[in-house]
Amino acid sequence: MSKILMVCLGNICRSPLAEGILKGKTNHLDVVVDSAGTAAYHIGEQPDIRSIAIAKKYGIDLIDQRARQFCINDFDDFDKIYAMDTSNYTSIISLVRNESDKDKVDLILNEINPKSFQSVPDPYYGGDNGFQDVYDMLDEACDRIVEQIG
Ligand code: 4NP
């Protein structure tokens, strides 16, 4: 059993999409996928309609997701914690209790280009194209994740 958490800032744009994409690629595997935000702004909300729309284009349904905030227990509940950008990464790292917690945290795009520390751009204030770009990056990163799990 592999337990994977996707983390962004608001848990309404990038990490819900990452959760949906990885769930879609792992439904034949013993994997738990969840997502959270480092900020509390959007707790309890559905994903952004633009994330719902881009996911739907690829047959992925996000509408049952609700935003929640990242918490310390997530270090115990998950094996791998993927930050969408370097700011999220820094926020998560600021909460680690030990080396074991720290070892679980990585930037998701490091799965495509190891140790490059590139960020999935925040699409919140941009146009719909931003969501397509985010989808494409996350789809490739999730393929790399599945290769490791499977
Ligand atoms: P996310 O995008 O971190 O990908 O969910 C954002 C959502 C909301 C805000 C910023 C980024 N916000 O400032 O409310």
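We use all heavy atoms of the structure for the numbers below, so side chains are in, but hydrogens, waters and symmetry mates are not. In each ligand, atom 1 is the first atom listed, and ligand 1 is the first ligand listed.
Scanning the protein for heavy atoms near atom 8 (C) of ligand 1, the closest one is His42 NE2, 3.3 Å. Closest protein heavy atom to atom 1 (P) of ligand 1: Cys8 SG, 3.5 Å. Among protein heavy atoms, the minimum distance from atom 12 (N) of ligand 1 is reached at Tyr124 CE2, 3.6 Å.
Contacts between Asn88 and ligand 1, counted as non-hydrogen atom pairs separated by less than 4.0 Å, are absent for every part of the residue.
Between the side chain of Asp103 and the backbone N or O of Ser100, no donor-acceptor pair lies under 3.5 Å. Put simply, the side chain of Asp48 never gets that close to the backbone of Ile12: no donor and acceptor are under 3.5 Å apart.
Electrostatic pairing of Lys25 and Asp139 counts as a salt bridge here, judged by a charged N lying under 4.0 Å from a carboxylate O. Look at Asp76 and Arg97 and you find a salt bridge, because one of the NZ, NE, NH1 or NH2 atoms lies within 4.0 Å of a carboxylate O, short of that distance.
Between Arg14 and ligand 1, an N or O atom pair is found at a separation short of 3.5 Å.
Arg66 approaches Gln46 most closely through the heavy-atom pair NH1-CG, 3.2 Å. Nearest heavy-atom pair, Ile149 versus Leu29, reported as atom, atom and distance to 0.1 Å: CG2-CD1, 4.2 Å.
Under a 4.0 Å criterion applied to the non-hydrogen atoms of Tyr125, ligand 1 contributes the atoms 13 (O). Interface atoms of ligand 1 facing Asp122, defined by a heavy-atom separation under 4.0 Å, are 2 (O), 6 (C), 10 (C), 11 (C). Atoms of ligand 1 found under 4.0 Å from any heavy atom of Gly10 (numbered from 1 in listed order, with element): 1 (P), 3 (O), 5 (O). Close approach to Cys13 involves these atoms of ligand 1, each under 4.0 Å from a residue heavy atom: 1 (P), 2 (O), 4 (O), 5 (O).
To the nearest 0.5 angstrom, Ser116 atom OG is 5.0 Å from Asn110 atom CG.
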